[in-house]
Amino acid sequence: MKVSILDDYHDTLRTLNAFSKLAGHEVTIWNDHVQDTDALAGRLKDAEALVLIRERTKIRAPLLERLPRLRLISQRSIFPHIDVDACTRLGIVLSSNLHFGMPSYATAELTWGLIIAALRDIPKQMASLKAGKWQAGVGTTIRGKTLGVFGYGRIGAVVAGYGKAFGMKVQVWAREASQARARADGYAVAGGKEAFFEECDVISLHMRLVEATRGIVTAPDLARMKPTALIVNTSRAPLIEPGALVEALKAGRPGKAAVDVYEEEPVRDIRHPLLNMDNVVCTPHLGYVTREDHEIAFAEIFDQINAYAAGKPTNVVNPDVLGSARK
């Protein structure tokens with residue numbers, strides 16, 4: 001098959017062991033980010049299979065309708081960036097594994113890197129040292145503080161375990177089934193959402209972005225946080241009500257934020273408000289961006305292509321398409 005891969009920013013995929021799974025296919029890799037429909041239609045006009053790296057590029061009907069040869073989209077995890085109905089209507093199979101067996105330890109590790117960086121003011125301390133000024137202020141100790149884990153799935157459970165190892169009191173707020181799992185694992189469950197935001201010293205978000213979770217963290221939630229508290233988001237930016245985080249940080253509740261995700265990515269505008277606040281630590285969506293995580297994820301993504309080519313598609317999101325899929 002003719003396979004196109006979008007948004008491989010650092011030309012990493014061809015260096016993976018998993019890339020050998022595409023031997024025998026004709027592969028084109030694009031290293032820049034393009035969202036313009038005309039440009040994408042030109043790039044992908046011959047593509048039969050399209051590989052997506054998370055939600056970096058939106059794939060909507062106006063583009064899909066201009067790709068008559070496209071038969072398969074292969075990716076991993078959720079797909080708010082893809083028009084699934086258009087895929088089905090046009091006979092395009094969407095394969096995406098939603099039930100992988102292990103968490104992204106890379107994301108959990110980055111979450112803790114951000115917590116420590118923010119509470120100990122590491123970016124500010126580095127800047128001070130480079131400017132010849134030695135120390136710049138006093139940080140905050142983690143041990144004994146309360147870690148709030150909002151969403152107790154695979155990654156949230158790992159983050160909670162790391163918090164326990166650091167000597168923190170761990171409190172969870174999540175849907176009922178997740179609360180039951182947290183209790184079974186020995187963690188406290190908050191008395192309610194309001195109490196959760198009021199009591200926690202660090203709150204870390206670990207939920208998938210679906211309609212039910214979009215904007216689940218509201219401006220009033222943030223206003224309940226302590227002026228000494230930190231909120232961390234390595235999941236998805238729209239979990240927080242649009243504009244609410246910047247305004248909350250300006251108001252001083254919470255006192256700090258650490259973010260790895262943004263409303264529009266990639267962020268190229270150095271005037272972005274979060275990049276220009278002294279009480280925010282920002283990273284460019286690095287959560288899953290490690291060689292080890294890529295090996296696991298793209299082995300599955302490339303296996304989906306081979307399964308389709310063999311006439312046995314796997315992890316099909318839109319099974320109604322199978323009777324009318326493009327040949």
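In this chain, numbering begins with 1 at the start of the sequence shown. Keep in mind that the numbers below use all heavy atoms, side chains included, and drop hydrogens, waters and symmetry copies.
Residue pairs meeting the salt bridge (charged side-chain N to carboxylate O under 4.0 Å, His left out) criterion with at least one partner in residues 10-22, sequence neighbours excluded, are D11-R14, K21-D303. The stretch residues 156-184 participates, sequence neighbours left out, in no salt bridge (charged side-chain N to carboxylate O under 4.0 Å, His left out) pair at all. Every pair passing salt bridge (charged side-chain N to carboxylate O under 4.0 Å, His left out) that includes a residue from residues 222-234 is listed here, sequence neighbours excluded: E194-R224, D201-K226, D221-R224. Legend: salt bridge (charged side-chain N to carboxylate O under 4.0 Å, His left out) pairs involving residues 255-267, not counting sequence neighbours, sorted by first then second residue: K58-E264, D121-K256.
In this view, Y262 and H272 satisfy the ring pair (Phe, Tyr, Trp, His ring centres under 6.0 Å) rule, not counting sequence neighbours. Evaluation of the salt bridge (charged side-chain N to carboxylate O under 4.0 Å, His left out) rule for R120 yields no partner, not counting sequence neighbours. Every ring pair (Phe, Tyr, Trp, His ring centres under 6.0 Å) that F166 has, sequence neighbours left out, goes to W112. Judged as a ring pair (Phe, Tyr, Trp, His ring centres under 6.0 Å), and not counting sequence neighbours, the contacts of F302 are F298. For D85, the side-chain contact (heavy atoms from CB on, under 4.5 Å) criterion is met by D83, not counting sequence neighbours. With sequence neighbours excluded, no residue forms a salt bridge (charged side-chain N to carboxylate O under 4.0 Å, His left out) with R268.
Side-chain heavy-atom separations under 4.5 angstrom define the hydrophobic clusters, and the remaining members of the one that includes W134 are L129.
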Just distance, no hydrogens or angles: give the donor-acceptor pairs under 3.5 Å from side chains in residues 240-249, sequence neighbours left out.
unit_1	atom_1	unit_2	atom_2	d
E241	OE1	A219	N	3.0

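Taking the ring centre of Y308 as origin, the terminal cationic atom of R71 falls outside the region bounded by 6.0 Å and 45° from the ring axis.
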